Structure formats: C-alpha cells, structure tokens
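Some notes on the structure that comes next.
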Amino acid sequence: MVMKVHGSVLSTAAMRVLIALNEKGLEFEFVPVDMRAGEHKKEHFLALNPFGQVPAFEDGDLKLFESRAITQYIAHVYEDKGTPLVCEGKPMATVGVWMEVEAHQFDPVASKLQWELVFKPMFGMATDAAVVEENEAKLAKVLDIYEARLSQSKYLGCDCFTLADLHHLPALTNLMASPVKKLFDACPKVSAWVADIMARPALAKVLAMRNQQ
Ligand SMILES: N[C@@H](CCC(=O)N[C@@H](CS)C(=O)NCC(=O)O)C(=O)O
C-alpha cells in the first residue's frame with residue numbers, strides 16, 4: 001500500500017514530510033486537507049491526528065503525526081533508499097542536537113516571522129511591526145550561532161546533508177522571499193548553506209507541487 005501524507009501544501013510542517021519523501025525517492029499519495037473549511041478539526045482527520053494539525057501520515061496500518069517524527073521514521077525505515085538523511089553512531093548524536101536546535105531555537109522565531117510577513121499578508125491581515133522587530137532580533141542571535149557552527153562543519157549536523165538541514169527548508173523557502181532575507185545575507189556561511197540546501201531537487205519537486213495546487 002502506498003504511503004499517504006494528509007496535509008496542505010502551504011503547511012510548512014507538511015512540506016517537511018514531502019521533502020523527506022522526495023529525498024528518498026519514495027512513492028506516496030498526497031491527500032489535500034481543506035484547512036480553510038476546517039477539515040483538520042473534523043472527526044475523520046482527528047482520527048489521524050487528535051491535535052487537529054497537518055500533516056498526518058500513513059504507511060500501511062501505521063499512522064503518525066508530528067512532521068519531525070515522520071521524517072525520522074522515513075529516514076530510518078527507508079535508510080537504503082535515496083539520500084541517507086541520518087548517519088550511524090556518534091555523529092548521529094550531533095545531528096540530533098541540531099534537529100533539536102531547529103525545533104526549539106529556530107522554528108518558534110521563524111514561525112512568528114512567517115506568520116507576520118508571509119501568511120498575514122496572504123490572508124489580507126496587517127503585519128505587526130513590533131512582533132517582526134522582536135523576532136528579527138531573536139533570529140539574528142540564532143543565526144550568529146549557526147554562522148559559528150557552519151564554520152566548523154559543511155552542514156549543521158555533520159559534513160553531509162541530513163534531517164538537521166532538511167527540517168529548515170520549509171521556513172527558509174518563505175523567509176528568503178521576505179525582508180528577513182537580509183539577516184541571512186549578513187552571515188556568509190549561513191548564506192552559502194541556505195543556497196546549497198535550497199538547491200536540492202527534492203525541494204524543487206515540492207515547490208512544483210505547491211504551485212500546481
Ligand atoms: N509540531 C507539528 C506542528 C503542526 C502544525 O502546526 N501544523 C499547522 C500547519 S503548518 C496546522 O495544522 N495548523 C492548524 C492548527 O493548529 O489548527 C508538526 O511538526 O507536525
């Protein structure tokens with residue numbers, strides 16, 4: 001049975017899973033969830049994710065939610081397919097550190113900036129300049145730490161592209177098309193890393209899918 005991803009192509013969390021599946025070259029079915037109609041809060045979707053958030057994922061009778069748990073499942077269970085995305089032994093511990101950094105240091109700030117600068121304008125709502133200013137300052141501090149890390153290592157987790165890098169791609173896609181790009185441009189190592197990971201064909205496939213919806 002083919003794997004299923006339930007979500008919206010506008011969802012950064014759903015994109016994370018779609019990019020991982022494309023890195024692995026795995027076949028899957030994308031099941032669109034009409035979030036504007038509140039489909040993610042209805043009983044049939046809550047059976048897949050009781051928190052009523054996209055994405056939800058099915059592989060046979062296994063049902064998962066939480067995008068980063070899903071990408072880890074894909075990377076480990078399909079380790080012999082496509083891009084490795086994880087590694088063995090001690091280096092994986094450092095990849096784990098940077099996956100946590102993405103989830104707890106980068107993503108909360110990146111999400112607030114995306115909401116203010118990308119999604120609010122898309123929905124005809126006014127951007128709150130004070131929220132943008134506060135979160136730009138927070139992001140600049142996170143990027144200083146990324147700049148130091150990327151001076152020691154080609155990618156965040158190790159010298160290969162892994163989930164630690166991949167997990168950033170959805171937010172980067174939005175932020176690099178916003179005024180926040182200037183913060184990335186100010187950090188040469190970070191800019192080179194962003195250019196490198198945003199050139200991945202797996203991301204291009206997901207963006208093409210988003211443009212078709
Ligand atoms: N930690 C979750 C976050 C999922 C999430 O926030 N999804 C958003 C779309 S990107 C959503 O469904 N929002 C609707 C809601 O929270 O009601 C994950 O990574 O899967």
Side-chain angles (χ1 to χ4, degrees), residues 3-24 26 28-59 62-77 85-86 95-125 127 131 135 139 142 156-157 162-178 180 197-198 202-203 205-207 209-211 213:
M3 284 179 266
K4 285 186 187 171
V5 181
H6 302 256
S8 155
V9 282
L10 284 182
S11 153
T12 49
M15 273 181 77
R16 199 172 280 125
V17 172
L18 297 173
I19 297 166
L21 287 165
N22 279 293
E23 284 287 353
K24 287 285 173 193
L26 295 167
F28 64 91
E29 180 188 344
F30 180 68
V31 185
V33 176
D34 186 350
M35 296 181 75
R36 281 181 195 243
E39 210 188 315
H40 54 308
K41 304 295 179 193
K42 296 197 175 138
E43 209 174 322
H44 66 279
F45 187 82
L46 294 175
L48 293 168
N49 181 353
F51 293 99
Q53 292 186 319
V54 299
F57 174 83
E58 293 179 89
D59 190 3
L62 177 71
K63 295 184 195 334
L64 298 174
F65 54 89
E66 285 297 337
S67 61
R68 296 169 185 85
I70 300 167
T71 60
Q72 288 183 68
Y73 167 80
I74 293 165
H76 287 287
V77 171
L85 299 180
V86 287
V95 173
V97 168
W98 288 94
M99 286 201 281
E100 294 294 316
V101 169
E102 182 278 328
H104 301 295
Q105 306 289 347
F106 176 84
D107 190 61
V109 176
S111 291
K112 288 204 179 86
L113 288 167
Q114 287 172 95
W115 174 244
E116 292 298 333
L117 294 168
V118 180
F119 295 111
K120 273 184 157 183
M122 194 185 283
F123 302 135
M125 297 162 74
T127 295
V131 174
N135 285 283
L139 181 62
V142 173
L156 283 178
T162 65
L163 288 181
D165 309 291
L166 184 152
H167 287 175
H168 291 78
L169 281 171
L172 288 177
T173 304
N174 288 325
L175 293 179
M176 294 307 282
S178 83
V180 168
I197 68 173
M198 285 190 67
L203 174 63
K205 283 186 186 158
V206 174
L207 294 178
M209 218 177 127
R210 190 167 80 169
N211 293 337
Q213 298 282 314

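Both counts, for ligands and for their atoms, begin at 1 and track the order of listing. Worth saying up front: this structure is predicted, and the values here are computed from it rather than measured.
Closer than 4.0 angstrom to ligand 1 sit non-hydrogen atoms from S11, T12, A13, R16, M35, H40, K41, G52, Q53, V54, P55, E66, S67, R68.
Interatomic distance, H40 NE2 to L48 CG, rounded to the nearest 0.5 Å: 13.5 Å. Taking CG of L156 as the reference point, atom NE2 of H168 lies at 5.5 Å (rounded to 0.5 Å). Rounded to the nearest 0.5 Å, atoms CG (D34) and CZ (F45) are 12.0 Å apart.
With sequence neighbours left out, K120 forms a salt bridge (Lys or Arg N to Asp or Glu O under 4.0 Å) with E116. Applying the salt bridge (Lys or Arg N to Asp or Glu O under 4.0 Å) rule to E58 yields the partners K63; only residues at least two apart in sequence or on another chain are considered. Every salt bridge (Lys or Arg N to Asp or Glu O under 4.0 Å) that E23 has, sequence neighbours left out, goes to R200.
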